[in-house]
2 protein chains.
Amino acid sequence: MAVKIRNSCGEQPTGHVDRVKSMMRKLDESLLSHLAPFAGLTRDEIREILDQASTQRFNAGESIFDEGAVAERFFLLLDGYVRVVRITDGGDHVTVLHIPSGQLFGIASALGHTNYPATSIAVSESITLAWPMRLWSDFEARYEGFSTATQRAVGKRMTDMHDRFVEMATQQVEQRVANALLRLINQMGRKTDQGIEVDFPITRQDLSQMTGTTLHTVSRLLSAWEKSGIVESRRKHIVVSRPQELVLKGKPGAQH
Amino acid sequence: MAVKIRNSCGEQPTGHVDRVKSMMRKLDESLLSHLAPFAGLTRDEIREILDQASTQRFNAGESIFDEGAVAERFFLLLDGYVRVVRITDGGDHVTVLHIPSGQLFGIASALGHTNYPATSIAVSESITLAWPMRLWSDFEARYEGFSTATQRAVGKRMTDMHDRFVEMATQQVEQRVANALLRLINQMGRKTDQGIEVDFPITRQDLSQMTGTTLHTVSRLLSAWEKSGIVESRRKHIVVSRPQELVLKGKPGAQH
DNA sequence: CCCGAAGTTTGCGAAATCGCAAAGTGCTGC
DNA sequence: GCAGCACTTTGCGATTTCGCAAACTTCGGG
C-alpha cells in the first residue's frame, strides 16, 4: 500500500483532482454503466447518451441552477457533492436534500415541472454531466429501465423527505441534529483513523440549515458531544468517532 | 334559490349521502372523464378501467391501508377525504398529507415502492375505487396521459412537502398553524354564511399533528383567533371568517 | 333524560431554544 | 508574517412552547 501523503490540513486527498482531470478528458462508458438509471444498457446506448451530454465543473459554493429558473437541463453528478436549498421570503436558507455523486438531479421533468423548484449548490468541487431537458422523454422511452430507476429515486427522496418531516415535527433539536449528522456520515462519510468524517466542508450553519435551528445551538451541541468524545471537529470538518453513541442521542428519551 | 335546510348542527349536507348511494349503484364514465389521470381517454377506455375497479366505502376513522403493508392496490378517492399519516416509534401521529376527492392515492408503484410508506385513514365517509397494483404499469403503458398526470401529481406532492418542511424549519407555531388552516380551507373548504369551513370533522389534535405541536397550543391559538374574530369554531368544526387576517398570522413578522 | 366518552379550555410552572453580544481561533491572501 | 475574514465558542437573559392538571362542554347512546 502506498504511503498516504498528508496534505495541508483538511484538503481532499490528491486522488480527487486526478480523478476529475481524467473525467474531463474523456467520458468513459464505464462512468455510467454501473449507475441505476443506466444499468443494463448496452455500450452503444451509453455511448449515445454520453455523446449528447455536456460536462461541467463547479467550484465549491458555486450555484448549478437557481430556484424558479426554467429547467433547461437535467444533471448527473459525476463527482463531488451538491446541496439543494430553498430560500424563504425571510432570507432563511433551508437545505432540502444532499446529492452524492452518481445521482441524477435537477430532474424537474420527472415531477412534471417546467422550472426548478429549488436551488442547487456545489458544496465541494463537483463535476456534472448535463442533458437538455427535452431529451428526458426520449430517455424514458428509449432506454429500458431508465424510467423505473428514476421513479425509484424520486420515491426514495419522497420517503426521505417524509422521514425528515416527521422528525422535524416530533423530535427536539438535539435529536434532529444527531440524526442529520448520522445521515451525512452514512451517505457521504469517509473513514478516517479517528472515525467517520463528513466528506465535504460543512459548517455549524450548514447543519443548522438542515435541521431548522441556529448555528449557535448546533455549536453548543457539537461542543457537548466533543466533551463526551462522540465527535471531533475542526473548522468545517466533523468526524464522528462514536457513531453508536450518536445514534442514542438521536433517539427520543436518550440520557443527557 | 332553494331554502337551505339546516340540519342538526354540523352534519354533512343531505346531498352527500344521496351522491354516495348513486355512486354505489353504477359507475358512470363521467366519474373519471374529468379527472387529470383519465382526461382525454375515450368512453370505452374509461369503461375498461372502471370494469377492473372495485368500489369500497369507508366510515370516518376507518383505515384504508396501513404503513408497511404490501401495496396490493392503488386507489382513487371518489368522495370524501383521506388523511395520510405516519406513526413514530414514540407513538406520535404525524399527518403527511390530505387527499381531496378526485385524486389517486396509495400509488406506491409510482414511487417504485412495493409497500405502502404510510397509513391512510378516511376522515369523513369516503368512497374509493381500487385497482390491483399490477395494473399500474398497464395503465401507464396503455392510457395516454396517465403517466404524465400521475408524475405531475407526485411532483405537486413533493413540492408541497418541501414547502411544509421549510415552514416547519423556519416558522413558529402560530404561523405554521395559520398556514395549515389556510391550506385546509383553500383545498378542502366549504363556503358558509360565516366564512369558509373545513369540509370535514377536524379536532385541535388533528391540527397539531399536521403542524408538529400540541393540541393545547392549537387550542390556545384558536381561542385567541376567535377573540379577534378571525375564526369561529365548534367541536370538530372550524370556520375561518376572515381569511385575509389569517394570512397575516401566517407571515413572519406579523403583529400580535 | 341522563351518563360517559371525547373533545376543548385554561392556568401555571418548567424546559428548550433563541437572540444578542462579545471574544476566540484558524485560514488565506498579500 | 500579518491583516482580515470567516467560522466558532460561550454566557446570559428573553421568549416560546410544552407538559401537566383540572374543569368544562358537547354529543351520542342506552
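Convention: sequence-line order gives letters A, B, ...; per-chain numbering from 1.
- OP1 or OP2 of C/dC18 lies within a sub-4.0 Å distance of a side-chain N or O belonging to A/Thr213.
- Applying the 4.0 Å criterion to OP1 and OP2 of D/dC7, one finds that A/Thr203 has every side-chain N and O outside that range.
- The distance from atom CD of B/Gln171 to atom P of D/dT15 is 21 Å, rounded to the nearest whole Å.
- Salt bridge B/Arg164/B/Asp160: absent, no basic N to carboxylate O contact under 4.0 Å.
- In this model, a donor atom of one side chain and an acceptor atom of the other lie less than 3.5 Å apart for B/Trp225 and B/Glu174.
- Residues A/Arg235 and A/Val173 each lie close to DNA chain C; by heavy-atom proximity, the contact nearer the 5' end of the strand is made by A/Val173.
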Trace of the side chain to side chain contact (heavy atoms under 4.5 Å, CB included) decision for A/Val96 with A/Met161: CA-CA 8 Å; A/Val96 169; A/Met161 196 70 225; 4.1 Å; yes

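- Remark: P of D/dC5 and NZ of A/Lys236 are 16 Å apart, rounded to the nearest angstrom.
- The distance between atom CD1 of B/Ile238 and atom P of C/dG7, rounded to the nearest whole Å, is 13 Å.
- Mapping A/Gly212 and B/Lys227 onto DNA chain C via the closest heavy atom, the residue that lands nearer the 5' end is B/Lys227.
- Phosphate contact (OP1/OP2 of D/dT17, side-chain N/O of B/Thr217, threshold under 4.0 Å): absent.
- Within 4.0 Å (heavy atoms only), B/Arg204 reaches sugar-phosphate atoms of the nucleic acid but no base atom.
- Below the 3.5 angstrom threshold, one finds a donor paired with an acceptor across the side chain of A/Arg220 and the base of D/dG11.
- With rounding to whole Å, B/Arg234 atom CZ is found 17 Å from C/dT9 atom C1'.
- Between A/Tyr81 and A/Asp199, the side chains place a donor N or O and an acceptor N or O closer than 3.5 Å (distance only, hydrogens not considered).
- The distance from atom CG of B/Leu207 to atom C1' of C/dG7 is 13 Å, rounded to the nearest whole Å.
- Counted within 6.0 Å of CG on A/Asp89, heavy atoms from surrounding residues, nucleotides or ligands total 12 or fewer; the atom is thus considered open.
- Not counting sequence neighbours, B/Phe58 has no partner by the ring-ring contact (aromatic ring centres under 6.0 Å, His included) test.
- Atom P of nucleotide D/dC18 and atom CD of B/Gln209 are separated by 13 Å, given to the nearest angstrom.
- Distance NE2 (B/His237) to P (D/dT25): 19 Å, rounded to an integer number of Å.
- The bend of the helix from C/dC1-D/dG30 to C/dC30-D/dG1, defined by the angle between the axes of its first five and last five pairs, stands at 40° to the nearest 10°.
- For C/dT17, the base has no donor-acceptor partner in the side chain of A/His216 [N/O atoms by modelled type, under 3.5 angstrom].
- B/Ser219 comes within 4.0 angstrom of a base, heavy atoms only.
- Between B/Ser223 and C/dT10, a side-chain N or O to OP1/OP2 separation shorter than 4.0 Å is present.
- In this structure, B/Glu245 contributes its side chain and B/Arg242 its backbone to no donor-acceptor pair below 3.5 Å.
- Note: CG (A/Leu215) to P (D/dT9) measures 10 Å, nearest angstrom.
- Comment: A/Glu197 engages A/Arg190 in a salt bridge, judged by a side-chain N to carboxylate O separation of less than 4.0 angstrom.
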